[in-house]
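Report on the structure given below.
No hydrogens, no waters, no symmetry mates; every other heavy atom, side chains included, goes into these values.
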Amino acid sequence: MRGAACSFLIPLLGVTWLGSFPGFTQSLEDPAGRHAPPHLVFIMVDDQGYGDVGYHGSEIRTPVLDQLAREGVRLENYYVQPICSPSRSQLMTGRYQIHTGLQHSIIRPRQPLCLPRGDPTLPERLQEAGYAAHMVGKWHLGFSHRGCLPTHRGFQSFLGSLTGSTDHFSYRSCDGGAEACGFDLHDGERPAWEMAGNYSTTLYIQRVKEILRSHDPRKPLFLYLSLQAGHPPLQAPETFLHAYRSVENPGRRHYAAMLSCLDQGLGEVVQELRSTGLYQNTVLVYSSDNGGQPLSGGSNWPLRGGKGTYWEGGVRAVGFVHSSLLKRKGVVSGALIHISDWYPTFLGLAGVSRHRGGRLDGHDVWGAISEGLVCPRTEILFNIDPVSKWPGGLGQRAPMALHGFGVWDTAVRAAIRLGEWKLLTGNVGDGDWIPPQKSRMPACLERWQGLEKRRDQRRKSIWLFNITSDPYERVDLAEARPEVVKHLLARLAEYNRTAVEPRNPPDDPMADPQLRGGAWGPWLGLEGEGGGAEDERKVEQKLKVKHCKVCQLKALFKKVGSRLQRTSLLF
């Protein structure tokens with residue numbers, strides 16, 4: 001039954017499960033006297049808002065996360081991307097989206113597109129350094145060709161989903177409404193039909209515990225746990241829903257229950273690390289992948305905006321590092337850190353000093369986190385997305401001349417932070433302040449509601465904020481500080497000169513899982529296993545020019561059928 005999907009194996013997690021963390025302050029030594037590389041555990045949570053963790057004052061109970069963060073280093077100037085695929089791509093490559101061609105939107109299930117195979121991934125580099133690498137959870141970096149799968153990108157094992165969202169019990173995943181649906185839970189490269197019915201968080205935590213129990217502690221481990229909670233659909237075991245029965249908003253109630261189940265599961269993971277003797281030489285990083293979605297139960301309050309936007313609520317993340325190897329613990333770090341920094345930071349911890357492939361955009365920030373040293377990062381390019389350019393600059397005849405100082409077209413969707421300054425241009429998303437979804441909202445908060453919808457805001461295409469003094473982005477300084485605006489626009493132009501063309505091919509009808517037994521999976525190069533990235537580029541080009549007539553007809557009939565089905569439900 002669904003209500004029993006998460007068990008209470010460790011009662012009173014926040015009080016009794018760990019206690020204090022006595023341990024080593026430097027990495028362990030192997031029998032030869034050399035320092036053994038640390039085990040690396042990266043935990044990514046889906047759609048967790050800045051205001052959705054106990055230590056940020058949330059009503060959602062997260063005692064395990066609170067304790068891990070309290071006894072580690074809390075990252076309070078930490079940034080990710082506003083949506084799923086971009087954050088994951090930068091974790092895996094250490095490179096900005098403009099350098100991988102993934103600067104527009106997510107990777108859709110039917111797109112012949114995936115993480116560029118010319119860029120070595122983090123697990124591939126760590127495997128070269130002798131690490132075992134395992135992944136559990138959500139991939140969302142493309143799977144059109146077998147070479148795109150996690151097991152072909154450096155992971156020795158994989159249990160999880162390939163698409164961006166599945167039912168947490170049945171693992172049914174749909175793209176385009178009901179136009180293309182299929183099963184999406186894979187163990188390695190095969191559909192794991194027999195595992196359907198298990199709640200995703202519980203299933204993934206159990207697999208992680210199995211990996212830890214079977215791992216040889218003498219071999220360094222990289223474990224990537226990418227949980228889909230609390231991404232929709234909002235589903236949780238009845239036990240956890242009951243704990244939030246007083247929350248009137250059903251979306252918030254289900255969302256909170258999902259995070260509490262997740263919190264308990266992570267307590268079990270850390271307990272397993274201790275039981276297997278891995279804990280004392282492990283670096284654990286916790287990160288959300290983007291801001292919360294208020295329409296789906298999340299909260300970024302008091303930050304502005306949410307998932308899908310470049311306001312702070314979309315890109316400032318919940319994050320911390322927990323490890324016995326930290327030289328300082330129990331502190332809050334204000335170091336400017338971006339998700340692309342984990343790539344070089346983990347390679348540095350693993351002793352991999354030389355990078356191969358393209359230039360990295362990430363920095364090794366371990367010294368800043370562990371010792372409080374000066375952080376090498378002073379700037380973050382959030383993105384430049386020319387595909388999302390506003391036609392005509394919101395009706396302005398010449399946005400570059402009027403607002404861009406002849407340097408930058410402010411109709412282009414872009415965002416950058418340099419030191420204390422943050423600049424946004426173009427359509428950066430809804431910028432409202434949305435308090436937590438409670439039955440009563442304090443009157444003092446109401447004045448922020450709808451502020452972004454004022455008439456004088458509708459034609460704006462450029463904003464400037466001092467994030468240090470104004471983290472809630474309430475005071476736009478674009479007109480007051482034109483010299484700062486001009487400098488940051490010039491930085492955008494410099495970055496843009498290094499950008500590759502966005503890769504955003506149309507959907508391929510041949511990706512429909514019903515053409516391959518009902519499960520999502522690779523559909524290109526299956527017969528001869530040849531082609532690789534070149535195969536994908538040919539398909540991209542073909543789809544841009546002309547769709548296969550037979551496939552078009554199939555897609556049309558499926559679309560008409562699904563619409564008729566939806567219409568029939570109304571009567």
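- Between the side chains of Ser173 and Thr166, not a single donor N or O lies within less than 3.5 Å of an accepting N or O.
- A cation-pi arrangement, defined by a distance under 6.0 Å to the six-membered ring centre and an angle within 45 degrees of its axis, is present between Lys422 and Phe382.
- You'll find the ring centres of Trp463 and Trp311 inside the 6.0 Å limit.
- Judged purely by distance below 3.5 Å, without hydrogens or angles, the side chains of Arg413 and Tyr310 never pair a donor atom with an acceptor atom.
- A side-chain donor-acceptor contact under 3.5 Å links Thr498 and His99.
- Smallest separation of non-hydrogen atoms from Leu185 and Tyr204: CD1-OH, 3.9 Å.
- To the nearest 0.5 Å, atoms NE2 (His186) and OG1 (Thr151) are separated by 10.0 Å.
- Contact annotation: the side chain of Leu418 approaches that of Leu488 to within less than 4.5 Å [non-hydrogen atoms, C-beta and beyond].
- Residues Arg253 and Leu234 form no side-chain contact, since every pair of their non-hydrogen atoms from C-beta on lies 4.5 Å or further apart.
- Panel note: side chain Arg252, backbone Gly297; a donor-acceptor pair is recorded below 3.5 Å.
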**OP:** I would like to know whether Ile211 and Val136 meet side-chain contact (heavy atoms from CB on, under 4.5 Å); could you show each step before the answer?
**Re:** CA-CA 10 Å; Ile211 290 172; Val136 179; 3.8 Å; yes

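- For the residue pair Ser105 and Pro86, the shortest heavy atom distance occurs at O-CG, 3.8 Å.
- The distance between the ring centers of Trp193 and Phe183 falls below 6.0 angstrom.
- In this view, Tyr286 and Phe320 satisfy the ring-ring contact (aromatic ring centres under 6.0 Å, His included) rule, not counting sequence neighbours.
- Closest heavy-atom contact between Pro237 and Tyr199: CD-CE2, 3.6 Å.
- In this structure, Leu524 CG and Met510 CE are separated by 9.5 Å, a value rounded to the nearest 0.5 Å.
- Residues Gln235 and Asp167 have side chains that bring a donor and an acceptor to within less than 3.5 angstrom of each other.
- With hydrogens and angles disregarded, no donor-acceptor distance shorter than 3.5 Å links the side chain of Thr62 to the backbone of Leu65.
- Under the side-chain hydrogen bond (donor to acceptor under 3.5 Å, both in side chains) criterion, Tyr171 pairs with no residue at all, not counting sequence neighbours.
- Judged by distance alone, with hydrogens and angles left aside, the side-chain atoms of Asp512 form a donor-acceptor pair with the main-chain N or O of Gln514 at under 3.5 Å.
- Residues Leu347 and Leu122 are in side-chain contact: their nearest non-hydrogen atoms beyond the backbone lie under 4.5 Å apart.
- Looking at Thr121 and Glu124, their side chains come closer than 4.5 Å, going by heavy atoms from C-beta outward.
- Annotation: ring-ring contact (aromatic ring centres under 6.0 Å, His included) contacts of Tyr244 (sequence neighbours excluded): none.
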Original post:
Does the pair Gln228 and Ser200 meet the rule for a side chain to side chain donor-acceptor pair (under 3.5 Å), with working shown?
Top reply: CA-CA 8 Å; Gln228 188 184 314; Ser200 64; 5.6 Å; no

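- At least one donor-acceptor pair under 3.5 Å links the side chain of His254 to the backbone N or O of Pro250.
- Between the side chains of Thr163 and Asp184, a donor-acceptor pair is found at a separation under 3.5 Å.
- Residues Asn504 and Gln111 have side chains that bring a donor and an acceptor to within less than 3.5 angstrom of each other.
- Side-chain contact of Gln81 with His338: a donor-acceptor pair under 3.5 Å is present, judged by distance alone.
- Look at Asp432 and Arg304 and you find no salt bridge, because none of the NZ, NE, NH1 or NH2 atoms lies under 4.0 Å from a carboxylate O.
- Remark: side-chain polar atoms of His145 are not paired, donor with acceptor, to backbone N or O of Trp523 under 3.5 angstrom.
- Evaluation of the side-chain hydrogen bond (donor to acceptor under 3.5 Å, both in side chains) rule for Arg491 yields Glu379, Glu494 as partners, not counting sequence neighbours.
- Between Asp119 and Arg117 there is no salt bridge, since no side-chain N of the basic residue sits under 4.0 Å from a carboxylate O of the acidic one.
- Remark: the backbone N or O of Gly142 is paired with a side-chain donor or acceptor of Trp139 at under 3.5 angstrom.
- Checking Arg316 against Tyr50 by side-chain atom types alone, no donor-acceptor pair falls below 3.5 Å.
- Between the side chain of Arg207 and the main chain of Thr202, no donor-acceptor pair closer than 3.5 Å is present.
- For the residue pair Pro513 and Cys181, the shortest heavy atom distance occurs at CG-O, 3.1 Å.
- Gln103 and Tyr96 share no donor-acceptor pair across their side chains, judged by distance under 3.5 Å alone.
- Remark: Gln156 engages no residue in a side-chain hydrogen bond (donor to acceptor under 3.5 Å, both in side chains) (not counting sequence neighbours).
- For the side-chain hydrogen bond (donor to acceptor under 3.5 Å, both in side chains) test, residues two or more places apart in sequence or in another chain that qualify with Asp47 are Asn290, Lys307.
- The side-chain heavy atoms of Ser89 and Leu102, taken from C-beta on, include a pair separated by under 4.5 Å.
- A ring-centre distance under 6.0 Å is not found for His134 and Tyr224.
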Original post:
Run the salt bridge (Lys or Arg N to Asp or Glu O under 4.0 Å) check on Arg108 and Asp508 step by step: do they pass?
Top reply: CA-CA 10 Å; Arg108 300 187 302 275; Asp508 185 353; over 6 Å; no

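- Side-chain contact annotation: Tyr255 with Asp52, donor-acceptor N/O pair under 3.5 Å present.
- Side-chain N/O atoms of Tyr78 and Ser287 include a donor and acceptor closer than 3.5 Å.
- Scanning all heavy atoms of the two residues, the minimum distance from Val412 to Thr425 falls at O-OG1, 2.7 Å.
- With no hydrogens or angles considered, no side-chain donor-acceptor pair links His104 and Gln97 at under 3.5 Å.
- Between Ser340 and Arg377, the side chains place a donor N or O and an acceptor N or O closer than 3.5 Å (distance only, hydrogens not considered).
- Here the side chains of Phe143 and Pro109 are in contact, with some heavy-atom distance below 4.5 Å.
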